[in-house]
Amino acid sequence: MRKPLLLIAIFLGSINVFQAQKLDIIPKPVQIEQQGEVFRIPASVRLILDKKLQHSADYIRGEFLKSTGITPNVFIGASQEKKSIVFLVDDTMELPEEGYRLSVKKEGVLVKGKSANGLLNGFQTLLQICSAKAIEKGTIPFVTIEDYPRFEWRGMMLDVSRQFFDKETVKNYIDWLSAHKMNVFHWHLTDDNGWRIEIKSMPDLTLKGAWRGPGEVIPPAYGSGNQRYGGFYTQEDIKEVVAHALARGISIMPEIEIPGHSRAVIGAYPELGCVITHQTKSVQGEVDNVWCVGREENYQVLDGIIKEFTELFPFEYIHVAGDEVNRATWEQCPECQAVMQDEGFTDTFQLQNYFFRRVEKIVEKYNRKAAGWNEIIKGGQLSPKTQIFAWQGVDYGIESAKKGYSTIMIPGQYTYFDMAQSASERGHRWAAIIDTERVYGFEPIPENDLSLDEQKLIKGVQGALWSEYLDRPERFMEYQSYPRISALSEVAWSKKEDKDWDDFYSRLTNSHLQRLSDMGIAFRDFPPTAIYKNGNITVIPPYEGATVHYDAEGKEPTLESLVYTIPIETTDFENYRFRTFFNAFSSSPMVKAEKPPVAQWNTSKVEILKLSENISEHIDKNGIYYLSFHQKDEQTAHGVVREISLFENDNLITTYSEEQLLKSKPQRRFLIEKYSDKNTYRLDFAVENMTEKASSAEVKLHYSPYLEPEVKVTSSMSENPRFPISNLEDYNPDTYLRTDVPCENGDWILYTFTSPVSSSKIEVLTGIPNHPRFFVNDGHVEYSYNGVDFEKGEAFDYGIAYIYPKQPIKAIKIMITGTNHEPIVAGQDLRINP
Ligand code: TNX
């Protein structure tokens, strides 16, 4: 008789532990409760919208259809009915602004919002529930959600100057932000390389200043080459985009870059610039790009421009920039000097502050507030209404809040999505390499450095997408944006204590990447890990269900390449490349197979570790090997390494005794010349951890695919002493040449080998490594087998040319036939394939 009782107990138990279906909502809501049943959406479902949501009716109808496959009947302000989906504003709700409550029951769906934007946030949650992987199409599980944002400002900036993105692209961009409950689109409309907004009182700003190329007022830049390139938005376009954003709960903050980054303006209206005797360059190498701040008429011009901005943009803030101003221009300008004298200023930051005080007055006259980059704090007080954007680092946000300004955290080190996502990918790297996990880990409130009142001045966070390098490959701006913005949205919206990377990653990869794909975003997928051991490559996909394609000949895998299923037996692991593909548009960067680390350690004690490892199985041929130290993140990068020695059968091959900080990512080179499979190889090194902070790393050994023969390099162009030409002789890919001058027809760089080199293919690269700036546009390579007679080879394509020698080669020459339209030229080490 005991058995049936037990069965009943199990049965009852299984009812209680109802397994909630994963809803995978991003950003994570504050509170969710799920019940076991589902609401079936009727085929003729009624969507009843509060009058305050009228402006979003079309948007809501369209998105609902896309997400559920059901065309709703939309009513404004009608009374509630059974089985309908109702959106109601209730400003008496005890919730923060933009908060909402969502309940799905047998009777129907009710979304209550504190405001129209609160309802839109609830609507986004509803769409995400309907598109979660676990949810049957056409149903919504019974659920109760209460949700509100952590920060009132959740922004994203897009630079449309360096590359122009048309109106439709911008509208899509706004849609994607609103799907993530972001609420500010910061539109960087003007910069050195193009003015993009029609201003009726200053028509040449767009007639001339929106175009670059040969014979235009702005020289070619950022991939536009010898083509006329540009574009702008008419005032009608702007109004259309503003209305589009409003319907999606997004405010648009326009930015006018003043007084620096203004080459387009000065090109169109030269009289707005200073009269100077010798040129100086801005941080980004531009000349003639600063407004004269001593010329009184300029303030009327600015008043006219700002007035038109305020007529187009209803948002409370106008961003007036102030970053990276080349103030050296003002030092030479008589009119600027006169103001300095009259005002008794001793440095040009005071003059900059004078300028912004006047600009703030104009902005406030039109009932708006000014916003600016963190540099504008320098040189004096600002209006208490002005809001500061801390881009150079969190410390600048701390300084701004301590001075009492409303502050937005937008630190390059975490939220600049023009930064590369991994070491081998395209993008800036001046602030950091920023992957999605790093964005997710960003905490906008530096609690230890600010009082509670000061913390309240941190109004929110923002990401930025500068567009210098978005010219290629195709849809790279989407690749740089997502899923990093998905991570940012959670930083901005969700509670700090609810943040958990593993949980976020599981929601992202389980349902949200599919949502991004459904929105038509060509996002960056996560790369697999490929490990080579005992003659086999084993691939670990980045997440369950990910499809990894591979190529066995060193080429970039495509969707047509083989799909990885089981471990690959090979003696040739270095030639394999792997890549995750979500679909034809979204994929990961490619990765190589790696051997397991040769050594690792992990300590949080003050100690000296002496490591000694037998690494014989990692060495299998003669050639150059690189030893590198990889930390997981900055928190575990403490300590130094030294006395790194490699032994062959107990005989020392090379030793590096000097000490190097782990933070500096040490890399050491070893040459094996007498390999035999009977040899044993041993690696010894010491790690010293000086504090009780974490020190841990993996040590990897890579066989270099390239030859490194002795070479001497000379050039017709003078070098920048910080990036000398001798950097081209060291085969260290991190060091490169910068000239002091732009290149001209007839300039050259000559690589001469001590003895002729046999190679199947030599890659000649110009520009900064992984960062397409300062490369050779117009030119070709030449090569010589005897060092005297040169043959003409390939022309440079986007900074690269290849040589396929037929016999051992003695010298290679980069021949320049035109300017690269950049202030300098950069050169790199040759890549010489065996
Ligand atoms: C600095 S961020 C700039 C931009 C560049 C960006 C590239 C800022 C206020 N100024 O002009 O595009 O770096 O990362």
Side-chain angles (χ1 to χ4, degrees), residues 155-165 186-196 212 218 221-224 253-265 281-287 289-291 317-327 352 356 370-378 386-397 399-400 407-421 425-434 438-439 461-471 476-477 480-481 484 488 767-768 770-774 822-823:
M156 182 66 209
M157 189 214 80
L158 180 66
D159 167 8
V160 296
S161 172
R162 274 63 172 267
Q163 311 295 334
F164 177 61
F165 300 105
H186 171 172
W187 207 352
H188 186 79
L189 284 161
T190 81
D191 211 303
D192 291 315
N193 318 93
W195 178 282
R196 307 278 176 229
R212 59 184 190 241
I218 324 171
Y222 303 125
S224 63
M253 175 177 67
E255 179 180 347
I256 323 173
E257 261 280 10
I258 43 174
H261 281 272
S262 295
R263 186 156 188 179
V265 179
K281 287 175 188 164
S282 76
V283 182
Q284 280 147 27
E286 303 286 354
V287 295
N289 79 339
V290 192
W291 283 67
Y317 285 101
I318 304 279
H319 198 295
V320 289
D323 61 308
E324 299 177 327
V325 181
N326 181 7
R327 287 168 292 105
Q352 176 170 302
F356 279 108
W373 299 110
N374 58 240
E375 286 98 320
I376 71 170
I377 307 185
K378 292 188 187 153
T386 294
Q387 175 159 282
I388 302 300
F389 283 68
W391 69 279
Q392 284 172 308
V394 169
D395 287 350
Y396 294 84
E399 182 190 350
S400 161
T407 302
I408 303 300
M409 285 290 189
I410 174 172
Q413 298 79 359
Y414 296 92
T415 69
Y416 265 27
F417 303 147
D418 52 330
M419 297 298 140
Q421 310 198 47
E425 284 175 84
R426 185 175 163 100
H428 274 295
R429 46 252 294 141
W430 65 259
I433 302 276
I434 302 180
R438 185 177 166 92
V439 179
V461 284
Q462 233 190 239
L465 186 56
W466 301 96
S467 57
E468 288 97 317
Y469 303 116
L470 300 183
D471 57 315
F476 191 51
M477 77 89 109
Q480 291 292 62
S481 296
R484 289 193 286 192
L488 178 71
I768 298 180
N770 286 312
H771 179 104
R773 254 215 108 168
F774 309 138
E822 300 241 40

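Throughout, numbering of the chain's residues begins at 1 and tracks the sequence. Every number for a ligand or one of its atoms is a count from 1 in the order of the listing.
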Legend entry - Nitrogen or oxygen atoms of Trp466 and ligand 1 under 3.5 Å apart: no

Legend entry - Over-ring placement of Arg426 relative to Tyr469, 6.0 Å and 45° cut-offs: no

Legend entry - Options Tyr416, Phe389, Trp373, ranked by nearest heavy atom to atom 2 (S) of ligand 1, top entry: Tyr416

Legend entry - Check: Trp430 ring centroid to His771 ring centroid under 6.0 Å: no

Inset, instruction - May I ask you to check whether His428 and Tyr416 place their ring centres under 6.0 Å from each other? - result: no

Inset, instruction - Could you tell me the separation between the CD atom of Glu324 and the CH2 atom of Trp391, rounded to the nearest 0.5 Å? - result: 4.0 Å

Inset, instruction - Give a yes or no on whether a salt bridge exists between Lys281 and Glu286, defined as a side-chain N under 4.0 angstrom from a carboxylate O. - result: no

Inset, instruction - Please say whether Asp418 places an N or O atom under 3.5 Å from an N or O atom belonging to ligand 1. - result: yes

Inset, instruction - Just need the protein heavy atom nearest to atom 5 (C) of ligand 1, so name the residue and atom and give the distance. - result: Glu468 OE2, 3.3 Å

Inset, instruction - Using distance alone, determine whether Trp391 and ligand 1 share an N or O pair under 3.5 Å. - result: no

Legend entry - Closest approach of any protein heavy atom to atom 3 (C) of ligand 1, naming residue and atom: Glu324 OE1, 3.5 Å

Legend entry - Geometric N/O contact Asp323 with ligand 1, under 3.5 angstrom: yes

Inset, instruction - Output the distance between atom CG (Asp159) and atom CZ (Phe165), rounded to the nearest 0.5 Å. - result: 7.5 Å

Legend entry - Heavy-atom gap Arg162 to ligand 1 smaller than 4.0 Å: yes

Inset, instruction - Please tell me if the side chains of Thr415 and Gln462 come closer than 4.5 Å, counting only heavy atoms from C-beta onward. - result: no

Inset, instruction - Give the atoms of ligand 1, by number and element, whose distance to some non-hydrogen atom of Gln284 is under 4.0 Å. - result: 1 (C), 3 (C), 4 (C), 5 (C), 11 (O)

